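The structure appears below as structure tokens.
Owing to the predicted nature of the structure, the values given are computational and were not obtained by experimental measurement.
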Amino acid sequence: GERAALAPPPAGPLPDEPAAAGRSPPVPAVGQQLRGQAPAREAAAEAPAAEAKGLGKCLPKSISQEDAGYVDEFRGWYDVQGCGTCLDYCRWVGDSGPGGDPKERLERDMSWWSCRLAGRSDSRTAQGHFTSWPFARCGLEGQDGPPPAAVPSGAVAAIPVPLGDRITDEQLRQLAANDAIAVVMVVCKRPKYLQQAMASLLKAAREPEKFPIVISQDADDTPMTEMVTSNYVNTGIAYHMHHSHDPNAQQVAKKFGGSKSTLGYVRIAQHYGWALQRVLDEFGFNQLIFVEEDMEFGPDFFSYFGAMLPLLRSDKDLFCVSAWNDNGYASLVTDPNIAYRTDFFPGLGWMLTKSMWAEVRDRWAVAFWDEFMRRPDVRQSRHCIRPEVSRSYTFGSEGTSSGQFFKTHLSKIKLNDVNVDWQAADLHVLSSASAFEEHLAAKLRDAVRTNIQDVDRLAGEGAELRIEYVDKTGYKTVADKFGLMLDEKEGIRRMSYRGVIPFTWKGCRVYLHTANWPGGLS
């Protein structure tokens with residue numbers, strides 16, 4: 001367009017047809033660096049900073065000159081860093097052409113709105129980096145930046161936090177003040193596992209300033225420390241903190257039998273408690289997501305948690321959001337767009353708020369922290385949100401639990417591979433306990449009653465069936481038929497809500513339920 005001619009890339013000729021010029025290979029997400037490459041931030045840091053117009057110093061424009069993007073009226077210079085000067089070059093990139101006004105949408109099939117952010121060497125921000133676009137286009141590079149769109153009433157106006165080669169304590173505190181969600185990667189001494197986990201985590205669309213990664217290491221395993229420092233700390237991908245072992249842990253473990261594995265569970269609980277205190281109390285985050293070094297993640301992992309956070313905060317009947325479905329075998333799940341409430345605490349990639357931590361801070365678990373979270377006095381009849389198709393997967397066949405249930409159960413869980421836009425999803429059914437119960441009860445009333453002898457005959461695409469079970473005497477027979485987990489914790493069946501366990505079977509949806517809820521079923 002005519003206005004696009006005013007916004008050439010920082011240097012070099014502007015190709016007439018960017019798609020024909022050959023696309024640069026995918027670049028790492030903000031703060032990420034391809035292994036084997038020398039850090040390019042040093043060159044950017046040496047460039048003179050432009051003087052902001054009344055707002056202080058600006059970061060210099062990116063040293064990258066790659067991928068001018070598609071020619072349209074929106075391509076050009078913006079003041080994304082908010083310093084008062086237009087030094088961020090933004091445009092549509094990808095393989096599906098331009099997508100129009102980024103205020104209206106940020107993705108179009110295989111194309112997305114992307115920027116060469118000031119102060120960084122990356123040629124493009126990753127797909128999903130931006131979740132909204134309040135910025136107005138400037139006429140020229142270095143021009144005074146027009147003010148962004150007003151922040152909605154009651155929202156927090158985020159202060160840009162430029163991330164350098166290393167994330168500092170002060171930057172982490174500022175991200176917390178901006179209401180970011182800390183992603184705490186719990187690690188110990190399996191560096192190869194961590195590399196696999198981090199590779200998966202960094203593939204998921206993530207806005208680094210909204211989801212900063214904190215690697216929390218238990219003890220001081222040298223190979224782990226060196227790898228974390230080299231791959232993730234020096235490259236600005238993650239903040240690194242160390243938890244020292246409690247010399248009294250062995251004595252505590254004796255109360256639970258004193259075995260080697262018991263000592264491990266004591267130390268893990270101590271590490272979790274320490275990480276909660278450090279991230280929520282010291283750094284000031286209002287919420288965090290726990291992940292572990294032996295996990296992989298779905299492409300919409302961060303979209304899922306970002307969309308569920310307002311529900312977690314606003315509903316007194318919720319106490320966590322989890323990425324995991326204990327009954328999430330490929331044979332039992334189909335729809336990546338569905339999430340449920342559950343009375344069971346799933347763990348394995350989960351989020352809690354500072355207010356929940358405040359409830360348990362002074363009585364945190366001394367061992368077996370996940371069982372602690374399932375205790376009635378902790379749960380207090382509240383629920384977690386969990387997906388039908390898991391957004392996390394554990395590949396940990398080695399560790400404190402010695403691969404407990406791995407071959408027979410955990411290895412069979414399906415990891416979601418669909419990039420669902422949870423921000424655009426209708427979450428009304430999950431918004432309150434009453435809304436969810438009304439929805440679930442209606443599903444049960446409309447479903448056809450059957451039994452395990454006839455379910456295969458009635459199963460078919462789109463069918464909805466229900467099977468009543470007697471919890472104490474009949475659950476094992478039903479669970480064996482479908483391959484559901486057999487156990488319960490604190491009287492709660494895994495993934496159940498008021499005794500109802502939904503799943504899919506041979507193309508149909510099945511609801512297991514007891515006679516206790518809902519009433520009035522024939």
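No close placement of the Tyr497 and Tyr340 rings is indicated, their centers lying 6.0 Å or farther apart. Centroid-to-centroid, the aromatic rings of Phe368 and Phe372 stay 6.0 Å apart or farther. Ring centers of Tyr239 and Phe283: under 6.0 Å apart, within the cut-off. Aromatic pair Trp113/Phe130: ring centres not closer than 6.0 Å.
The 12-atom threshold is exceeded at CD of Gln277, counting heavy atoms of other residues, nucleotides or ligands nearer than 6.0 Å. Within a 6.0 Å radius of NZ in Lys189, no more than 12 heavy atoms belonging to other residues, nucleotides or ligands are found. By the 6.0 Å contact criterion, NZ on Lys203 is open, its count of non-hydrogen atoms from other residues, nucleotides or ligands being 12 or less.
Ring planes of His439 and Phe436: tilted class, angle from 30 to 60°.
Expressed to the nearest 0.5 Å, how far CD1 of Ile467 lies from CZ of Arg449 amounts to 10.5 Å. With rounding to the nearest 0.5 angstrom, the NE2 atom of His383 is 9.5 Å from the CZ atom of Phe319. Taking CD of Gln270 as the reference point, atom CG of Asn248 lies at 8.5 Å (rounded to 0.5 Å). The distance from the CD1 atom of Ile501 to the CG atom of Leu484 is 6.0 Å, given to the nearest 0.5 Å. Note: Met198 CE to Ile215 CD1 = 4.5 Å, rounded to the nearest 0.5 Å. Distance check, rounded to the nearest 0.5 Å: CG of Asn231 to CG of Leu194 gives 8.5 Å.
A salt bridge links Arg494 to Asp487: one of the charged nitrogens lies within less than 4.0 Å of a carboxylate oxygen. Between Asp281 and Arg361, at least one side-chain N (NZ, or NE/NH1/NH2) sits under 4.0 Å from a carboxylate O, which counts as a salt bridge. Checked for salt-bridge contact, Lys489 and Asp326 miss the test: no charged N lies under 4.0 Å from a carboxylate O. Under a 4.0 Å N-O distance rule, the pair Asp421/Arg105 does not qualify as a salt bridge.
The heavy-atom pair separating Met351 from Phe305 by the smallest distance is CE-O, 3.6 Å. Between Val291 and Gly349, the shortest heavy-atom contact is CG1-CA, 4.4 Å. Shortest non-hydrogen contact noted between Cys188 and Met224 is O-CG, 3.5 Å. Nearest approach of Arg382 to Arg379, heavy atoms of both residues: O-NH1, 2.7 Å. The two atoms that bring Leu332 and Phe482 nearest to each other are CD2-O, 3.6 Å, heavy atoms only. Heavy-atom minimum distance, Val420 versus Pro336: CG2-O, 3.8 Å.
A donor-acceptor contact shorter than 3.5 Å is absent between the side chain of Thr353 and the backbone of Arg313. Side-chain atoms of Arg493 come within 3.5 Å of backbone N or O of Asp471 as a donor-acceptor pair. Without hydrogens or angle criteria, Gln171 side chain to Thr168 main chain gives a donor-acceptor distance under 3.5 Å. Under the 3.5 Å distance criterion, the side-chain polar atoms of Trp364 are matched with a main-chain donor or acceptor of Ala269. Asn286 places no side-chain N or O within 3.5 Å of a backbone atom of Asp179 that could act as its donor or acceptor partner. At least one donor-acceptor pair under 3.5 Å links the side chain of Thr342 to the backbone N or O of Ser496. Using a distance-only test at 3.5 Å, with no hydrogens or angles considered, no donor-acceptor pair links the side chain of Tyr393 to the main chain of Asn416. Side chain of Arg341 to main chain of Leu430: a donor-acceptor pair is present (N/O by atom type, distance under 3.5 Å, no hydrogens or angles). Checking side-chain atoms of Glu388 against main-chain N and O of Asp335 turns up a donor-acceptor pair under 3.5 Å. Between the Gln287 side chain and the Ala180 main chain, a donor and an acceptor come within less than 3.5 Å of each other.
No side-chain N or O of Glu292 forms a donor-acceptor pair with one of Tyr193 less than 3.5 Å apart. Under the 3.5 Å distance criterion, with hydrogens and angles disregarded, a donor-acceptor pair is assigned to the side chains of His271 and Ser216. Asn327 and Asn325 are not linked by any side-chain donor-acceptor pair at a separation below 3.5 angstrom, with hydrogens and angles left out of the test. A side-chain N or O of His240 and one of Gln217 form a donor-acceptor pair less than 3.5 Å apart.
Residue Trp369 is tested with Tyr265, Trp350, Trp274 for a ring-ring contact (aromatic ring centres under 6.0 Å, His included); the sole match is Trp350. The side-chain contact (heavy atoms from CB on, under 4.5 Å) test with Thr225 singles out one residue from Thr222, Thr229, Val228, Asp221, and that residue is Thr229.
For the pair Val360 and Met356, the minimum side-chain heavy-atom distance is below 4.5 Å. In this structure, Tyr469 and Thr514 have side chains that are in contact, with non-hydrogen atoms separated by less than 4.5 Å. No side-chain heavy atom of Leu415 sits under 4.5 Å from any side-chain heavy atom of Phe301. Side-chain contact between Val455 and Lys481: present, with at least one pair of heavy atoms (C-beta onward) separated by less than 4.5 Å. Side-chain atoms of Arg166 and Asn234, non-hydrogen and from C-beta on, do get closer than 4.5 Å to each other. In this structure, the side chains of Trp324 and Leu410 come closer than 4.5 Å at one or more pairs of heavy atoms. Ile268 is listed as a side-chain neighbour of Tyr272, based on a closest heavy-atom distance under 4.5 Å. A heavy-atom distance below 4.5 Å is not found between the side chains of Arg374 and Ile492.
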Checking Asp218 against Arg267 for the salt bridge (charged side-chain N to carboxylate O under 4.0 Å, His left out) test, could you report, in this order, the C-alpha distance in whole Å, the side-chain angles of both residues, the deciding distance, and whether it holds?
CA-CA 8 Å; Asp218 198 25; Arg267 286 176 169 164; over 6 Å; no

Check step by step if side chain to side chain contact (heavy atoms under 4.5 Å, CB included) holds for His129 and Leu117.
CA-CA 11 Å; His129 177 90; Leu117 292 175; 4.0 Å; yes

Go through it in stages, so that I can follow the logic: the residues are Arg391 and Asp300, the test is salt bridge (charged side-chain N to carboxylate O under 4.0 Å, His left out), and I'd like the CA-CA distance, side-chain angles, deciding distance and then a yes or no.
CA-CA 7 Å; Arg391 266 58 187 184; Asp300 58 347; 2.8 Å; yes

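The ring-ring contact (aromatic ring centres under 6.0 Å, His included) check on Phe344 picks up nothing, with sequence neighbours excluded.
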